[in-house]
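To start, the structure itself, in structure tokens.
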Amino acid sequence: MPELPEVETFRQFAEQYALNRPVRQVRVLTPKILENTTEAQLRQQVETRCLTHTRRVGKHLLIQIEGGGWLFLHFGMTGYLSYAQGSQRIVNAYGNPALPEKHIRVQLEFEDGGLFNFHEQRMFGKLGWTPQADAYFKAKKLGPDALEVEKAPFIAALQKRKGQLKPALMDQSLVAGVGNVYADELLYQCGLHPERLVSGLPAAAMGEVYTQMVAVLRDTVAVQADRDQLPPHYLLHTRKPKGRCPQGNHLLDVKSIGGRTTYFCPICQPFLG
DNA sequence: AGGACGCCCTGTTCGC
DNA sequence: TGCGAACAGGGCGTCC
């Protein structure tokens, strides 16, 4: 499930493998993955040119094309990148070399024979071409990136919200990049119940939400989103049915909140008004 | 208008 | 044993 740390890892991967080498050919293996873009348009915009820069806001990755425009990538819940050179040296993103070499939807072949692949099993992801980065982010109604936003504006935005805490944090227009898994993680680290109403939350608690959001996302980016390398007190290690709280061994509770499966510790995250 | 909810999609897991 | 139902979930459309 690519959230901010995974997509940041993809961005770094793209920086390493996809920039500054002329594209010989674009292969669209599954045209349905394209958004607001035809195959012919994509080829016309990318072939013979180099990719020059990357940008990321939340879960959206943009790669600038020499001479104008951007390639945009969204990874849905099963998307990832890979790179292959020759018949050996297959490299996968986010610290997971075991990802299958399957479900390639779009492939860039460089002049030097390198292959840069966009994989997406479940087809929730999208790829396409857009002329302007900022217009793209605006059209997607993205709020500030969760690792760029500062504390005061984050708290101010949260204070305007009603409803439950977890769905608010997952709203990409409030803050971009937090998905289901890291929303559960940061609330666990805060000791806050995911159904807690935002309206009843003191500003100090919102400050703690901010602090843990940034800490969890930074920690995860620092290990290239390889979750096995995260500290043992992280919930995501046991975030599964019959899993137990890493800090107290309590049986985790699981329920659907805002339409998403939510894991939390009923002891460490008690429900308060 | 903001919040709640159903749906898209496909591979895997579960239950009868 | 085998097959169909349930499930996972980011984002968008729809409804109130």
Side-chain angles (χ1 to χ4, degrees), chain A residues 1-11 28-37 56-62 72-81 93-94 96 98-106 118-128 130 135-146 156-187 194-201 213 217 220 225 227 235-236 238-243 252-264:
Chain A
M1 291 127 267
E3 303 182 22
L4 187 152
E6 287 78 15
V7 179
E8 173 58 19
T9 304
F10 296 149
R11 191 193 65 76
V28 179
L29 304 163
T30 308
K32 200 168 167 292
I33 204 79
L34 299 180
E35 180 176 89
N36 295 334
T37 308
R56 182 192 57 74
V57 173
K59 306 170 192 174
H60 294 256
L61 173 60
L62 270 63
F72 64 80
L73 294 83
H74 189 277
F75 297 89
M77 61 177 285
T78 52
Y80 58 95
L81 299 175
Y94 65 85
N96 188 351
L99 287 170
E101 285 299 307
K102 291 169 64 177
H103 311 296
I104 296 175
R105 307 304 183 179
V106 176
F118 176 69
H119 304 246
E120 226 306 49
Q121 179 201 105
R122 240 164 271 185
M123 294 296 289
F124 277 16
K126 291 291 167 196
L127 183 150
T130 189
Y136 172 86
F137 295 131
K138 189 175 179 186
K140 294 293 178 186
K141 298 184 169 32
L142 295 182
D145 185 78
L158 201 52
Q159 281 173 333
K160 289 179 188 157
R161 296 294 297 248
K162 311 280 182 198
Q164 300 168 325
L165 188 50
K166 181 180 173 183
L169 294 172
M170 287 180 61
D171 184 341
Q172 303 299 299
S173 69
L174 189 148
V175 61
V178 178
N180 198 36
V181 171
Y182 295 107
D184 281 3
E185 187 63 54
L186 77 93
L187 289 170
E195 289 177 299
R196 180 97 184 247
L197 297 181
V198 178
S199 55
L201 206 62
M213 173 179 79
L217 297 176
T220 310
R227 297 178 185 183
L235 179 71
L236 51 75
T238 57
R239 191 184 174 280
K240 53 195 168 192
K242 297 180 183 170
L252 298 179
D253 214 341
V254 55
K255 65 190 297 189
S256 181
I257 298 172
R260 296 290 173 258
T261 305
T262 302
Y263 289 86
F264 61 100

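Throughout, protein chains are lettered first and strands after them, A, B, ... in sequence-line order, and every chain is numbered starting at 1.
No side-chain N or O of A:Glu185 forms a donor-acceptor pair with one of A:Tyr263 less than 3.5 Å apart.
In this structure, A:Asp184 pairs ionically with A:Lys166, as a charged nitrogen and a carboxylate oxygen lie closer than 4.0 Å.
Nearest-nucleotide positions on DNA chain B for A:Phe124 and A:Gly163 put A:Gly163 closer to the 5' end. Between A:Val178 and A:Arg122, the residue anchored closer to the 5' end of DNA chain C is A:Arg122, taking for each the nucleotide with the nearest heavy atom. Between A:Asn180 and A:Lys140, the one whose closest nucleotide on DNA chain C sits nearer the 5' end is A:Asn180.
For the pair A:Leu174 CG and B:dA4 P, the interatomic distance rounds to 13 Å; values are reported in whole Å. As rounded to whole Å, 15 Å separates atom P of B:dA1 from atom CZ of A:Arg161. In this structure, the NZ atom of A:Lys141 is 11 Å from the P atom of B:dG2, given to the nearest Å. Nucleotide B:dC5 holds its P atom 12 Å from the CZ atom of A:Arg260, rounded to whole Å. For A:Leu165 and B:dA4, the CG to C1' distance is 17 Å, given to the nearest whole Å. What separates NZ of A:Lys240 from P of B:dT13 is a distance of 13 Å, to the nearest Å. Atom CG in A:Asp171 sits about 15 Å away from atom P in B:dA1, given to the nearest Å. Between A:Met170 atom CE and B:dG2 atom C1' there is a gap of 17 Å when expressed in whole angstrom units.
In this view, A:Glu35 and A:Lys140 satisfy the salt bridge (Lys or Arg N to Asp or Glu O under 4.0 Å) rule, not counting sequence neighbours.
Here the rule is side-chain hydrogen bond (donor to acceptor under 3.5 Å, both in side chains) with A:Thr78, and of A:Arg122, A:Glu120, A:His119, A:Gln121 only A:Glu120 fits it.
With a heavy-atom cut-off of 4.0 Å to chain A, the contacted part of DNA chain C has its first and last nucleotide at C:dA8 to C:dC12.
Within the 4.0 angstrom heavy-atom criterion, no nucleotide atom of any strand lies near A:Lys102.
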Show the numbers, then the answer: is there a side chain to side chain contact (heavy atoms under 4.5 Å, CB included) between A:Leu62 and A:Phe137?
-> CA-CA 10 Å; A:Leu62 270 63; A:Phe137 295 131; 3.8 Å; yes

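Looking at heavy atoms from C-beta onward, A:Asp171 lies in side-chain contact with A:Arg161 at the 4.5 angstrom threshold.
Closest to the A:Met123 side chain, of the nucleotides B:dG3, B:dC9, B:dG11, is B:dC9.
In summary, the aromatic rings of A:Phe75 and A:Phe10 are positioned with their centroids under 6.0 Å apart.
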